[in-house]
*Asks:* 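Could you have a look at this structure, given as C-alpha cells, before my questions?
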Amino acid sequence: MEGKKNVLDPFGTSLITDYSRLFKEFGLKPITQEILKRIKNPSRYLRRGITFAHRDLDKFLNAFEKDEPIAVMSGIKPSNEFHLGSKMTADEIIYYQKEFKAKVFYCIADLESLVDNQIPLEEAKKIAIGNVADILALGLDPKNAFIYRQSQEKRVTNLAYLFSRKITLNHLRSLYGERHIGLYFAAFTQAGDILLPQLKDFDGPKHVLVPVGIDQDPHIKLTRDIVARVKDQFNFTLPSATYHKLQRSLKGESKMSKRDPMSFLVLNDSPEIAKKKILNAIDGGRKTAKEQRELGGEPEKCVIYELCLFHFIENDEELKKLYEDCKSGKILCGECKQRVAEIVAKFLEEHQKRREKFMDKAREILED
Ligand code: SF4
C-alpha cells in the first residue's frame with residue numbers, strides 16, 4: 001500500500017496507508033506532549049496515541065482554562081446496533097463531560113440514515129432508542145446533555161438550508177468526491193448539528209469540540225469553511241476537532257463490513273457470540289506454538305491486542321505486560337484469546353444489564 005494516497009471518506013470506505021502523512025495531506029496537527037501536559041487526566045485514547053491529531057484543540061483548551069463556555073458534540077447514525085466504533089466516540093464525549101464539565105450535544109442522524117441507508121424514520125427511531133440506552137449505560141449523564149433526532153430538530157435543518165447557499169458543487173466534490181445530492185445535503189445537515197450548540201437558544205457562540213474518527217474530517221472541514229462564509233449572519237467560533245485512528249475489523253480489514261456480523265462486535269452481542277467472534281479473530285501469532293515461543297507474537301498486527309489497547313484494558317501497566325508477554329513468547333494466542341474473550345464477555349454482561357435499565361429513559365428522551 002506504500003505510495004498510495006490516504007483517502008478520507010465519511011460516507012464510504014476510507015483508506016489510511018500512512019497516518020503520519022495525514023498531517024501534511026490534510027493540514028492536521030499532531031497531539032503533542034505539550035498538549036497532553038495541559039490535560040489533567042488524559043483519556044485512554046489520548047494517552048495511547050489513538051486520538052492522534054486535531055484541529056484547534058489548543059483553542060478549546062484555552063477556553064476551558066479561561067473558564068469560557070465550551071461544549072462537546074458528536075452523534076450516531078441509527079442504522080445499526082452500537083459497535084465499537086460508536087463506543088469510541090461515545091467514550092470520548094463522556095470523558096469531556098466528566099473531566100471538562102462540558103455540555104454534550106448528541107445527534108441521532110436519522111435523516112442521514114434515511115438518505116444513505118434508506119431506513120424509514122420510524123425504524124431509525126427504534127434503533128436509536130437502543131443506541132441512546134447504550135450511551136447512557138456507558139456513562140453519559142443526560143442532565144448535562146442535549147440528545148435529539150435530526151428529523152425533529154428544525155433548527156438543524158434550517159441551518160442546513162442556509163448553509164447550502166454558501167457552498168458550490170465543486171467545493172463539495174473536492175471534499176467528498178462525486179456523490180448523489182442527498183449525501184451532500186446530509187453533509188450540510190451535519191454542519192447544522194456541529195453549529196447548533198452555538199445558537200442563541202443555547203447561549204450563543206462557544207468553543208465546541210467534536211471528537212471523531214479520522215474518516216469524518218471532510219465534515220469538519222466543510223463546517224469550518226461554512227463558518228467563514230456566514231460571518232455576516234452568525235458569529236460562530238470555528239469548531240475544534242480531535243481525530244482517532246480507525247479500529248480494524250476482527251478479520252483484520254481496515255473497516256468492518258456490515259455484511260459479515262462475525263467481523264465486528266456490537267454492545268448487544270450475547271457474551272457467548274462475542275466469545276466466538278474473538279476466538280475466530282485474526283491474531284498476530286506464528287505458524288506453530290514452538291515458533292511463537294522462540295520468536296514471540298506480533299501484537300502490532302493483532303486485532304486481539306487492538307481490542308485491549310482501544311477498549312478492554314484500562315490499566316496501562318497491565319496492557320504493557322500483555323504486550324511484553326506476547327513479544328517474548330511467554331503467552332500463546334489460544335490462552336490469550338480465551339483471557340480477552342472472558343474480559344469482553346464480562347463487560348458485555350454488565351453493560352447489557354445497565355442498558356436494559358436505561359431503555360425507558362432512552363424512549364423518554366426520543367419522544368416526539
Ligand atoms: Fe495477539 Fe495475544 Fe497472540 Fe499476542 S498472544 S499475537 S496479543 S492473540
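This chain uses plain numbering: 1 for the first residue, then up along the sequence. No hydrogens, no waters, no symmetry mates; every other heavy atom, side chains included, goes into these values. This is a predicted model, so every value here is computed, not measured.
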*Asks:* Charged N to carboxylate O under 4.0 angstrom, Arg224 versus Asp56?
*Replies:* yes

*Asks:* So, taking the atom named OG1 in Thr32 and the one named NE2 in His54, what distance separates them when rounded to the nearest 0.5 Å?
*Replies:*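 Answer rounded to 0.5 Å: 6.0 Å.
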
*Asks:* Inspect the contact between Arg44 and Glu92 and indicate whether a charged nitrogen and a carboxylate oxygen are less than 4.0 angstrom apart.
*Replies:* no

*Asks:* Donor-acceptor check, side chain of Asn280 to backbone of Lys276, threshold 3.5 angstrom: yes or no?
*Replies:* yes

*Asks:* Indicate whether the side chain of Gln150 and that of Asp193 have a donor and an acceptor atom separated by less than 3.5 Å.
*Replies:*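 Per modelled atom types, Gln150 and Asp193 side chains form a pair under 3.5 Å.
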
*Asks:* Would you say the side chains of Tyr323 and Glu300 form a donor-acceptor pair under 3.5 Å?
*Replies:*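 Tyr323 vs Glu300: donor-acceptor pair found between side chains.
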
*Asks:* Would you call Arg173-Glu178 a salt bridge at under 4.0 Å N-O?
*Replies:* yes

*Asks:* Check this for me: Glu34, atom CD, are more than 12 non-hydrogen atoms of other residues, nucleotides or ligands nearer than 6.0 Å?
*Replies:*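 Not buried by this count: 12 neighbours or fewer within 6.0 Å.
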
*Asks:* Have a look at Asp134 and tell me which of His351, Gln352, Arg354 forms a side-chain hydrogen bond (donor to acceptor under 3.5 Å, both in side chains) with it.
*Replies:* His351

*Asks:* How about NZ on Lys59, more than 12 heavy atoms from neighbouring residues, nucleotides or ligands closer than 6.0 Å, or not?
*Replies:*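 Counting other residues, nucleotides and ligands, NZ of Lys59 stays at 12 neighbours or fewer.
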
*Asks:* Return yes if a side-chain donor-acceptor contact under 3.5 Å exists between His311 and Gln247, otherwise no.
*Replies:* yes

*Asks:* Looking at Asp58 and Lys29, is any side-chain nitrogen of the basic one under 4.0 Å from a carboxylate oxygen of the acidic one?
*Replies:*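 Here Lys29 does not pair with Asp58 in a salt bridge, since their nearest N and O are not under 4.0 Å apart.
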
*Asks:* Given the side-chain rings of Phe100 and Phe64, with only the six-membered ring counted for Trp, is the space between their centroids under 6.0 Å?
*Replies:*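 Yes, they do, as the ring centres are separated by less than 6.0 Å.
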
*Asks:* Nearest heavy-atom pair of Leu140 and Ala145: which atoms, and what distance?
*Replies:* CD2-CB, 4.1 Å

*Asks:* So for atom NZ, which belongs to Lys231, do other residues, nucleotides or ligands contribute more than 12 heavy atoms lying within a distance under 6.0 Å?
*Replies:*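 Enclosed.
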
*Asks:* With a 4.0 Å cut-off on N to O distance, would you call Lys245 and Glu306 a salt bridge?
*Replies:* no

*Asks:* Indicate yes or no: does Asp225 engage Arg229 in a salt bridge with an N to O separation below 4.0 Å.
*Replies:*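 Salt bridge between Asp225 and Arg229, a charged N being under 4.0 Å from a carboxylate O: no.
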
*Asks:* In terms of side-chain geometry, is the basic nitrogen of Glu298 or Arg286 positioned less than 4.0 Å from the acidic oxygen of its partner?
*Replies:*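 Between Arg286 and Glu298 there is a salt bridge, with a charged N closer than 4.0 Å to a carboxylate O.
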
*Asks:* Could you tell me the separation between the CG atom of Leu222 and the CG atom of Leu172, rounded to the nearest 0.5 Å?
*Replies:*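 The distance works out to 6.5 Å.
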
*Asks:* After noting the C-alpha distance and the side-chain angles of Lys320 and Asp316, does the key distance pass the salt bridge (Lys or Arg N to Asp or Glu O under 4.0 Å) rule?
*Replies:* CA-CA 6 Å; Lys320 191 166 160 238; Asp316 291 345; over 6 Å; no

*Asks:* Heavy-atom count check: over 12 atoms from other residues, nucleotides or ligands less than 6.0 Å from Gln118 CD?
*Replies:* no

*Asks:* CG of Asn80 to CD1 of Ile119: how many Å apart, nearest 0.5 Å?
*Replies:* 8.0 Å

*Asks:* Answer yes or no: is there a donor N or O on one side and an acceptor on the other, between the side chain of Asp110 and the main chain of Arg149, under 3.5 Å?
*Replies:* no

*Asks:* Taking atom types as modelled, is there a side-chain donor on Glu324 or Ser328 under 3.5 Å from an acceptor on the other?
*Replies:*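 There is no such pair between these side chains.
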
*Asks:* Check Leu267, Ile93, Val104 against Ile135 for a side-chain contact (heavy atoms from CB on, under 4.5 Å) and give me the one that passes.
*Replies:* Ile93

*Asks:* I need the Ile129 CD1 to Phe358 CZ distance, nearest 0.5 Å.
*Replies:*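 Answer for the CD1-CZ pair, Ile129 versus Phe358, is 15.5 Å.
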
*Asks:* Treating Asp269 as the side-chain partner and Val266 as the backbone partner, does any N or O pair qualify as donor plus acceptor under 3.5 Å?
*Replies:*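 Pair found, side chain donor or acceptor close to backbone of Val266.
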
*Asks:* Using the rule that two of Ile, Leu, Val, Met, Phe, Trp, Tyr join whenever any of their side-chain heavy atoms come within less than 4.5 Å, decide whether Ile50 and Leu250 are in one cluster.
*Replies:*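 Not linked; separate clusters.
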
*Asks:* Decide whether Tyr305 and Asp283 meet the rule of one side-chain donor and one side-chain acceptor closer than 3.5 Å.
*Replies:*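 No, because no side-chain N or O of Tyr305 sits under 3.5 Å from a partner of the opposite role on Asp283.
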
*Asks:* Could you state the interatomic distance from OG (Ser86) to CG (Asp91), rounded to the nearest 0.5 Å?
*Replies:*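 Here the interatomic distance stands at 10.5 Å.
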
*Asks:* Is the shortest heavy-atom distance from the side chain of Phe234 to the side chain of Leu195 under 4.5 Å?
*Replies:* no

*Asks:* Salt bridge check, Glu335 against Arg339: does any charged N sit closer than 4.0 Å to a carboxylate O?
*Replies:*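 Yes, Arg339 and Glu335 are salt-bridged.
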
*Asks:* Can we say Arg355 and Glu349 salt-bridge, meaning some charged N sits less than 4.0 Å from an Asp/Glu carboxylate O?
*Replies:* no

*Asks:* Looking at CD1 of Ile35 and OG1 of Thr242, how far apart are the two atoms once the value is rounded to the nearest 0.5 Å?
*Replies:*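 If I round to the nearest 0.5 Å, the distance is 10.5 Å.
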
*Asks:* Where the side chain of Lys337 meets the backbone of Ala281, is there a donor-acceptor pair that is under 3.5 Å apart?
*Replies:* yes

*Asks:* Looking at Tyr176 versus His219, is the centre-to-centre ring distance below 6.0 Å?
*Replies:* yes

*Asks:* Kindly say whether Ala186 contributes a backbone atom to a donor-acceptor pair with the side chain of Glu112 at under 3.5 angstrom?
*Replies:* no

*Asks:* Taking the six-membered ring for Trp, are the ring centroids of Phe146 and Tyr148 within less than 6.0 Å of each other?
*Replies:* yes

*Asks:* Considering only NZ, NE, NH1 and NH2 on the basic side and carboxylate oxygens on the acidic side, decide whether Arg155 and Glu153 come within less than 4.0 Å.
*Replies:*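 Looking at Arg155 and Glu153, the cut-off is met.
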
*Asks:* Could you go through the salt bridge (Lys or Arg N to Asp or Glu O under 4.0 Å) check for Lys275 and Glu272 one step at a time?
*Replies:* CA-CA 5 Å; Lys275 278 188 195 172; Glu272 285 319 306; 3.8 Å; yes

*Asks:* Between Glu350 and Lys353, does any NZ, NE, NH1 or NH2 come within less than 4.0 Å of an OD or OE carboxylate oxygen?
*Replies:*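 A salt bridge is absent here (no side-chain N lies under 4.0 Å from a carboxylate O).
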
*Asks:* What I want to find out is whether Glu99 reaches Lys40 closely enough, with some N-O distance under 4.0 Å, to be called a salt bridge.
*Replies:*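 Result for this pair is no, no salt bridge flagged.
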
*Asks:* Between Asn62 and Arg38, do the side chains contain a donor N or O and an acceptor N or O under 3.5 Å apart?
*Replies:* yes

*Asks:* Please answer whether the main-chain N or O of Pro299 pairs with a side-chain N or O of Lys327 as donor and acceptor at a distance below 3.5 Å.
*Replies:*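 Flag not set: sc Lys327 to bb Pro299 has no pair under 3.5 Å.
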
*Asks:* Taking the six-membered ring for Trp, are the ring centroids of Phe312 and Phe347 within less than 6.0 Å of each other?
*Replies:*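 So the answer is yes for these two rings.
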
*Asks:* Without hydrogens or angle criteria, can the side chains of Asn117 and Lys77 be said to hold a donor-acceptor pair below 3.5 Å?
*Replies:*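 There is such a pair between these side chains.
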
*Asks:* Taking the side chain from Lys103 and the backbone from Phe202, do they hold a donor-acceptor pair closer than 3.5 Å?
*Replies:*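 Not confirmed, Lys103 side chain does not pair with Phe202 backbone.
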
*Asks:* Got a sec: does the CD of Glu68 have more than 12 other heavy atoms crowding it under 6.0 Å?
*Replies:*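 Counting neighbours around CD of Glu68, more than 12 heavy atoms of other residues, nucleotides or ligands fall under 6.0 Å, so yes.
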
